[in-house]
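Comments concern the structure below.
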Number of protein chains: 2
Amino acid sequence: MSPPKRRGRPPNQLAQARILKAAHDILTEDGFGRLTVEAVAARSGVGKPTIYRQWANASELAMAALMSRDPGIIAGGGTSLRSALTGQMRSLIQAFATTRGRQIAMTLAAADPESEFTKAFRNQVILSSREAGRALLLEAAARGEIMLQQDLEVLLDMIYGPVFYRLLVGHRPLDTGFADSIVAIALEAVAARADR
Amino acid sequence: MSPPKRRGRPPNQLAQARILKAAHDILTEDGFGRLTVEAVAARSGVGKPTIYRQWANASELAMAALMSRDPGIIAGGGTSLRSALTGQMRSLIQAFATTRGRQIAMTLAAADPESEFTKAFRNQVILSSREAGRALLLEAAARGEIMLQQDLEVLLDMIYGPVFYRLLVGHRPLDTGFADSIVAIALEAVAARADR
DNA sequence: ATTATAAAACGTAACGTAACGTAACGCAAC
DNA sequence: GTTGCGTTACGTTACGTTACGTTTTATAAT
């Protein structure tokens, strides 16, 4: 986290901030399709090469903009696993049900999967909630509230994957009932029962 | 199915086929990013206006190309629900694990969600397997093999959503073990048990 | 039956626009 | 003084559209 003390003229912090702000505004107002380097340069009053020095293309810029203003859904207060998980899923879905959710999905789809930028984006924006969910499940298992006999990674994908699925495919709505049902089914699969 | 016998010169079937073939080839060889109307026109030896008469933009063309050469994963032979569902999931994952899977995801993300073309693409390429899965589950429930107390739609999303999730996010591999685990967990959630 | 007319789709060529990505240059910060 | 940011300017690619002449077909007129 220490500044590497690079030589020469340092990047203009203000310019960088204005670039990200402009990118984010365009993203929410016009969508990912309109997020071009030209448009961001024009809107932020910055030259194109200034942008290209920091980001290789428009989709990296989009990811940076989305990361710079994203809380990251992690919270999940509550005593029982069900209440904590339900709370998290509801706020996750609420955050993704907006236009921004679709922008995130489009950005991810368009991004180079190998890029370091993409990996950071994945971890911070996409997978952070999944990690929080893993913690919740492991704690509950330690309390004996559930039995994790199945593959935990797959179970997590079955909880968080459907959100993306509906977001991208759009065959059914993203609402709170969806959040509740996912949790209910997932808990059914890991219920600690007598019959075994 | 009767030919509408419209007046004037009928569309050249051969040209349409060559367009779709060229589009599909570019898609698999170079990816969605390289699929431009110009490139397809050049490769297929067809004029650009001929393409634009049929498709509004490159992503519609991509969807058409993907649909034209897609078997559609529906099969699922087997006696028990588990074997049928596992068979289907394995072939689904096998089909999506290739480069084509990612092209499909990118195409879907880039497409206009309202377009009729997009809806057809969704139904034929994305949701057809989900529909087949619904049929399998309903049959098994009728046989008393499982108990569908939860929301069936959500359960289906929890089975098929994770495939897209891993495909798009890429945090874990798409392999046969994944298919098997999904089925195992899903069946656990709908198991017909004595304890209720 | 033959001929003419209208309609539709074809290919070619060209257009203005948008966005791309980079080279070159000055200047600011170290 | 050197390094590297920021800007201006440029060439390139692809877009989506238009105009044009040609080809193919169905229908109407002779």
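Below, chains carry the letters A, B, ... as their sequence lines are ordered, and counting in each starts from 1. Worth saying up front: this structure is predicted, and the values here are computed from it rather than measured. Computation of the quantities below employed the complete heavy-atom set of this structure, encompassing side-chain atoms and omitting hydrogens, waters and symmetry-equivalent molecules.
Contact of the B/L81 side chain with the B/V183 side chain is not registered, since no non-hydrogen atoms from C-beta on lie closer than 4.5 Å.
Consecutive pairing runs in DNA chain C reach the stem threshold at C:1-30 with D:1-30, where a stem means at least three Watson-Crick or G-U wobble pairs with distances under 3.5 Å.
For the salt bridge (Lys or Arg N to Asp or Glu O under 4.0 Å) test, residues two or more places apart in sequence or in another chain that qualify with A/R172 are B/E153. Legend: residues meeting side chain to side chain donor-acceptor pair (under 3.5 Å) with A/Y160, ordered by chain and number and at least two apart, are A/Q88. B/R122 meets the side chain to side chain contact (heavy atoms under 4.5 Å, CB included) test with A/V169, B/L108, B/K119; sequence neighbours excluded. In terms of the salt bridge (Lys or Arg N to Asp or Glu O under 4.0 Å) criterion, B/R18 has no residue partners (sequence neighbours excluded). Applying the side chain to side chain contact (heavy atoms under 4.5 Å, CB included) test to B/R43 and every residue at least two apart in sequence or in another chain returns B/A22, B/D25, B/I26, B/E29. Under the side chain to side chain donor-acceptor pair (under 3.5 Å) criterion, B/T99 pairs with no residue, sequence neighbours left out.
Contacts of residues 46-59 of chain A with DNA chain C (heavy atom under 4.0 Å): A/K48, A/P49, A/Y52, A/R53. Within residues 11-43 of chain B, the residues that have a heavy atom under 4.0 Å from DNA chain C are, in order of number, B/P11, B/N12, B/Q16.
The list of side chain to side chain donor-acceptor pair (under 3.5 Å) pairs with a residue in residues 31-41 of chain A, not counting sequence neighbours, reads A/E38-A/K48. For residues 137-148 of chain B, every residue pair satisfying the side chain to side chain donor-acceptor pair (under 3.5 Å) rule, not counting sequence neighbours, is listed here: B/R143-B/E145. For residues 80-97 of chain B, every residue pair satisfying the salt bridge (charged side-chain N to carboxylate O under 4.0 Å, His left out) rule, not counting sequence neighbours, is listed here: B/R90-B/D180.
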